[in-house]
There are 2 protein chains.
Amino acid sequence: MKKKITLKQIAKELDVSVSTVSKALSNSKEISEDTTKKIQAFAKLYNYKPNNIALSLKNRKTRTIGILIPEIVHHFFSTVIRGIERVANRRGYNVIVGLSNESFTKEIINMEMLANGSIDGFILSISKETLLKQDYHHFNATINQGMPIVMFDRVVNEVDCDKVIVDDFNGAVKAVKKLIENNCKNIALITTMDYVSVGRLRTQGYLEALQNSGIVADSNLILKIDDSLDVENNLEILEAEIAQFFKSNPNIDGVFAVNELYAVSAMKVARKLGFTIPEDLQVIGFTDGVLSKHATPSLTTVSQHGQKMGEQAANLLIERLEAEDAETEIYFTNNDRKRDFIKVVIETEIIERESTK
Amino acid sequence: MKKKITLKQIAKELDVSVSTVSKALSNSKEISEDTTKKIQAFAKLYNYKPNNIALSLKNRKTRTIGILIPEIVHHFFSTVIRGIERVANRRGYNVIVGLSNESFTKEIINMEMLANGSIDGFILSISKETLLKQDYHHFNATINQGMPIVMFDRVVNEVDCDKVIVDDFNGAVKAVKKLIENNCKNIALITTMDYVSVGRLRTQGYLEALQNSGIVADSNLILKIDDSLDVENNLEILEAEIAQFFKSNPNIDGVFAVNELYAVSAMKVARKLGFTIPEDLQVIGFTDGVLSKHATPSLTTVSQHGQKMGEQAANLLIERLEAEDAETEIYFTNNDRKRDFIKVVIETEIIERESTK
DNA sequence: TGTCAACACGAAAACGTTTTCGTTAAATAT
DNA sequence: ATATTTAACGAAAACGTTTTCGTGTTGACA
């Protein structure tokens, strides 16, 4: 077992100083051609690679990005990670991921664990519990310590940082508008409780689209699911609620659901109740994932472009990190003040499939 | 912006030495009660947390685990990550993830990027391209450098390390046996090309189950999909192949597919061709993911227990890491030799849903 | 009064780098 | 012949810790 070799060992072996080895390996012209050749050959032979931790300590930066998300077994979040990883890797960064599991406490613990030097900045999406508590001190605390944060999807005005979101509002507007154009007269909304910001925005979009077309919203046509319970493992409850909803409102001919699962479940229930899709009932979901694509009938959705969000977030973060570098290196840089925080809005797009006419 | 405070700054502020501060914070009884109190109060006030990088450098271990997987937008892999993260976090470790994207080169680059001190050990699943090339030198190289590896799911005999796999063979046997018991007479297999080990094992299981029941396998009933093409984005090709397959073999009354997508696609195609499921045709897939649960009809599957695999893998790795620690700390430990490499086999389980009788 | 422990703390090394600043010897310029 | 530059290298500091080994000051004891 040959442990990784260090500069010191190379130096000893070749009977030169550590500094000489370091310089030779970086092709410093302080070192003679002969010794440089000799040292580089030796280093190559022993497959020398500088120790990352030592470099991190010296440079006071780790070139790794911390990702903190509520849940990883989730198509949307994994596409975001893929996006982040893509650009991070391309730009020479690593990513380290933490999962809050939708818990406030785990979010804090994870942040503290990573904020002590392990990473240069965060990309995160806020946990449900945190949104409920509306306690954002941990975000502001880490920002105050000089560690930049980029938030995506589930963001919040109370924290000053770069943000990447999808245009939930207009996405919903587009979807409902499409249903209206397709001649739906009684469009239902299946949504979550209000505290997750994205759910609220999509609900507002629904209302807006109706109003724009001169339709008065009927509160009976809005079904709010309590998503504090784990729906994935309580599918029957969800389906029962939806069934009840359809039975109380037999005139429904269009459904807009704020996520994929609700939409697919709605289709499933509706078909059992005798609806034909899209003839009797048209359905549009939000978030374009695997379910939408493979459902029967396949689901028309509002695409969220998770990967693009991840890429944008990573670019924002890295640019800020490297701007900071420049700022400390160049002494007087008043002309190049830190840029303001920006909010990137990713446009949504309707992907038409079989669940609409 | 208050940057994180260091021992040195505390020492200066309180006019003591760095060593005193360090000892006081760890409650060393070398330090008087008075100074200890004072220092701890000050540290708490300024929210002192030791710098992780410095600790890593000093201890020559990072308490972080490197995960290297072919793809993250994939239900199975994300459940594995969830499992790893769960136990890693519980045992005080972080996880850093790299994606090989099924590419040999990216796998190597990622490994080298992480192996230079950033992590203590790897948990990985081999990329398709690597399996094709059968070139495993990078795995053996990192192991030789003293960095332990745990492989899961896609493993290979040529590398000596701990492994966690599912019982692909017996899972397939069980599934096909179930179809036979359910009175299927002509059971088809939809599988991949042979080079991914798991596909091969599942195929063998299929053959074994047939043979056990005295049925001669019919090669016409085996459809091999070339999964080098990106099926997710070429669904039509996949479906066309399957349709052709059904048409050439109209007597098929049972299908075993080596993954979820093939199974769901088979159901979709079959229904379009007029089959009723499960009456005319019964289907079982491998890998229990979102698709299986939400398909119509929902799919009977062989569950892979991704999360459990992740947990087992993490435990194996961490135990080995901490055994190494013990070995270097206690000088004579001949009685406690390094344990042999073990292969944990996770039992599969059939989850019955609507696609079988 | 002199010896020795106990106490409370500091100095320094170590982890693996990079970089600044010497230092020596040879080469060139004056 | 003397002064100055240049080439080639080494020493040491720094990043933030922990830990080993002093060291000086007490107080107790003979």
Side-chain angles (χ1 to χ4, degrees), chain A residues 3-40 43 46-64 115-120 145-147 325 328-329, chain B residues 3-40 42-43 46-64 115-120 145-146 325 328-329:
Chain A
K3 278 260 174 225
K4 301 226 63 162
I5 199 171
T6 71
L7 284 191
K8 197 193 284 191
Q9 295 169 41
I10 299 184
K12 193 172 177 188
E13 215 64 37
L14 262 48
D15 211 46
V16 291
S17 80
V18 176
S19 1
T20 304
V21 179
S22 175
K23 289 171 187 165
L25 291 178
S26 57
N27 282 311
S28 161
K29 54 182 310 229
E30 266 185 67
I31 307 300
S32 76
E33 205 172 321
D34 274 7
T35 19
T36 300
K37 281 247 165 74
K38 188 178 59 179
I39 291 177
Q40 291 192 348
Y46 282 88
N47 190 29
Y48 169 79
K49 295 278 166 50
N51 180 302
N52 246 322
I53 296 291
L55 284 180
S56 295
L57 184 59
K58 178 125 235 304
N59 301 329
R60 273 117 125 255
K61 67 189 54 132
T62 60
R63 293 191 83 82
T64 97
N116 298 317
S118 304
I119 62 171
D120 296 341
Q145 282 172 14
M147 174 157 306
D325 283 10
T328 49
E329 276 166 21
Chain B
K3 278 261 175 222
K4 301 227 64 161
I5 200 172
T6 70
L7 284 190
K8 197 192 286 191
Q9 295 171 41
I10 298 183
K12 195 173 176 186
E13 215 64 36
L14 262 48
D15 211 48
V16 291
S17 79
V18 176
S19 1
T20 304
V21 179
S22 174
K23 289 170 187 165
L25 291 178
S26 57
N27 282 312
S28 161
K29 54 183 308 238
E30 265 185 67
I31 308 298
S32 76
E33 205 173 321
D34 274 6
T35 21
T36 301
K37 282 247 164 75
K38 190 179 57 178
I39 291 177
Q40 291 191 347
F42 191 88
Y46 281 89
N47 190 30
Y48 170 79
K49 296 278 164 53
N51 180 301
N52 246 322
I53 296 292
L55 284 178
S56 295
L57 183 58
K58 178 130 235 305
N59 302 329
R60 273 116 125 257
K61 67 188 53 132
T62 61
R63 293 192 83 80
T64 97
N116 298 318
S118 304
I119 62 171
D120 296 341
Q145 282 173 14
D325 283 10
T328 50
E329 275 165 21

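Letters go in sequence order (proteins before strands), and every chain restarts at 1. None of the values given here were measured: they were computed from a predicted structure.
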*Asks:* Go through the structure and list residues passing side-chain hydrogen bond (donor to acceptor under 3.5 Å, both in side chains) with A/Asn59, not counting sequence neighbours.
*Replies:*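 Once residues adjacent in sequence are excluded, A/Asn59 has no partner under the side-chain hydrogen bond (donor to acceptor under 3.5 Å, both in side chains) criterion.
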
*Asks:* For the helix from C/dT1-D/dA30 to C/dT30-D/dA1, how many degrees between its two end axes (five pairs per end), to the nearest 10°?
*Replies:*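 Angle reported: 80°, given to the nearest ten degrees.
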
*Asks:* Any pair with a residue in residues 4-13 of chain A that passes salt bridge (Lys or Arg N to Asp or Glu O under 4.0 Å), sequence neighbours left out, goes on the list, sorted by first then second residue, please.
*Replies:*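 Residue pairs with at least one partner in residues 4-13 of chain A: there are none.
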
*Asks:* Could you pull out all residues at least two apart from A/Ile5 that satisfy side-chain contact (heavy atoms from CB on, under 4.5 Å)?
*Replies:*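 For A/Ile5 the side-chain contact (heavy atoms from CB on, under 4.5 Å) partners, ignoring immediate neighbours, are A/Gln9, A/Ile10, A/Phe42, A/Tyr46, A/Tyr48.
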
*Asks:* Write down the distance between CG (A/Asp34) and P (D/dA7), rounded to a whole number of angstrom.
*Replies:*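 From A/Asp34 CG to D/dA7 P: 15 Å.
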
*Asks:* Between CG of A/Asn52 and OG of B/Ser118, what distance do you get to the nearest 0.5 Å?
*Replies:*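 It comes to 3.5 Å.
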
*Asks:* List in chain and number order the residues that pass side-chain contact (heavy atoms from CB on, under 4.5 Å) with B/Asn27, two or more places apart in sequence or in another chain; answer none if no residue qualifies.
*Replies:*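 B/Asn27: side-chain contact (heavy atoms from CB on, under 4.5 Å) contacts with B/Thr36, B/Gln40.
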
*Asks:* According to salt bridge (Lys or Arg N to Asp or Glu O under 4.0 Å), who are the partners of A/Lys37, at least two apart in sequence or on a separate chain?
*Replies:*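 Applying salt bridge (Lys or Arg N to Asp or Glu O under 4.0 Å) to A/Lys37 gives A/Glu33.
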
*Asks:* Scan residues 14-30 of chain B for pairs that pass salt bridge (Lys or Arg N to Asp or Glu O under 4.0 Å), counting only residues two or more places apart or in two chains.
*Replies:*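 Sorted pair list: B/Lys23-B/Glu30.
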
*Asks:* Rounded to the Å, how far apart are A/Lys61 NZ and C/dT18 C1'?
*Replies:*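 From A/Lys61 NZ to C/dT18 C1': 13 Å.
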
*Asks:* Can you check each nucleotide of nucleotides 8-16 of chain C against protein heavy atoms at under 4.0 Å and return B for base, S for sugar-phosphate only, - for none, in 5' to 3' order?
*Replies:* BBBBB-BBB

*Asks:* I'd like to check the side-chain hydrogen bond (donor to acceptor under 3.5 Å, both in side chains) partners of B/Thr64; sequence neighbours left out, ordered by chain and number.
*Replies:*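 Scan of B/Thr64 (side-chain hydrogen bond (donor to acceptor under 3.5 Å, both in side chains), adjacent residues dropped) gives none.
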
*Asks:* A/Arg63 CZ to C/dT17 P: how many Å, rounded?
*Replies:*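 Those two atoms, CZ and P, are 18 Å apart.
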
